Amino acid sequence: MLLITCPWCGPRAELEFRCGGEAHIARPADAMNISDADYARYLFMRKNPKGWHYERWNHAAGCRRWFNALRHTATHEIRATYKPGDRKPEPPR
Ligand SMILES: [Zn+2]
């Protein structure tokens, strides 16, 4: 089981959290005037790396707040968790 550190509550069991997918997806600035294909890419296309990945997580059974995490998809190591709007950490080399 993973131990995930909520930025507000501290370390808690993985069972209290829900993953919300890739983090740092920016809505197109001119969304009403882009093609359907570009909008579909924004909505549905996500990275699927084997390695470090920025993800959104929700502390569903705790404070219910969203935050971001830098997690390795193969080892599940969580290098950092941080509040939305905080500067994202660099992945280790
Ligand atoms: Zn929390």
Side-chain angles (χ1 to χ4, degrees):
M1 176 175 295
L2 292 176
L3 192 61
I4 300 174
T5 301
C6 171
W8 291 275
C9 306
R12 297 288 192 276
E14 172 188 2
L15 295 172
E16 295 187 12
F17 296 88
R18 297 291 177 268
C19 185
E22 186 177 344
H24 306 293
I25 305 289
R27 181 182 173 87
D30 196 14
M32 296 301 288
N33 296 315
I34 63 174
S35 71
D36 288 349
D38 286 343
Y39 199 74
R41 251 189 301 282
Y42 155 69
L43 284 178
F44 303 114
M45 300 306 291
R46 297 294 181 258
K47 296 174 186 163
N48 188 22
K50 181 179 182 182
W52 293 104
H53 191 230
Y54 295 98
E55 298 173 333
R56 300 180 71 227
W57 284 80
N58 179 258
H59 193 184
C63 65
R64 304 184 63 132
R65 292 182 178 173
W66 286 92
F67 60 94
N68 297 319
L70 177 60
R71 185 181 67 89
H72 196 284
T73 58
T75 65
H76 301 295
E77 176 189 349
I78 296 176
R79 180 54 59 106
T81 58
Y82 52 102
K83 297 175 182 176
D86 286 355
R87 185 182 186 138
K88 67 180 181 181
E90 290 295 319
R93 295 180 190 182

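Numbers for residues simply follow the sequence, beginning at 1. Predicted, not measured: the structure shown is a model, and the values here were computed from it. In listed order, ligands and their atoms are each counted from 1.
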Do [X] and [Y] make a side-chain contact, defined as non-hydrogen atoms from C-beta onward lying under 4.5 Å apart?
| X | Y | answer |
| --- | --- | --- |
| Ile4 | Ile78 | yes |
| His59 | Trp8 | no |
| Trp57 | Cys6 | no |

### Task
Could you state whether Leu2 and Leu70 fall into the same hydrophobic cluster, counting links through intermediate Ile, Leu, Val, Met, Phe, Trp or Tyr residues with side-chain heavy atoms under 4.5 angstrom apart?
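Each belongs to a different hydrophobic cluster.
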
#### Entry: Joint cluster assignment, Tyr42 & Phe44, ILVMFWY side-chain distance < 4.5 Å
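Yes; tracing contacts between hydrophobic side chains, which count when under 4.5 Å, links both residues.
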
### Task
Take the angle between the ring planes of His72 and Trp52 and call it parallel below 30°, perpendicular above 60°, tilted in between.
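His72 vs Trp52 ring planes: perpendicular.
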
### Message
Using a strict cut-off of 2.8 Å, how many protein N/O/S atoms surround the Zn ion (ligand 1)?
### Response
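Under the 2.8 Å cut-off, the count stands at 4.
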
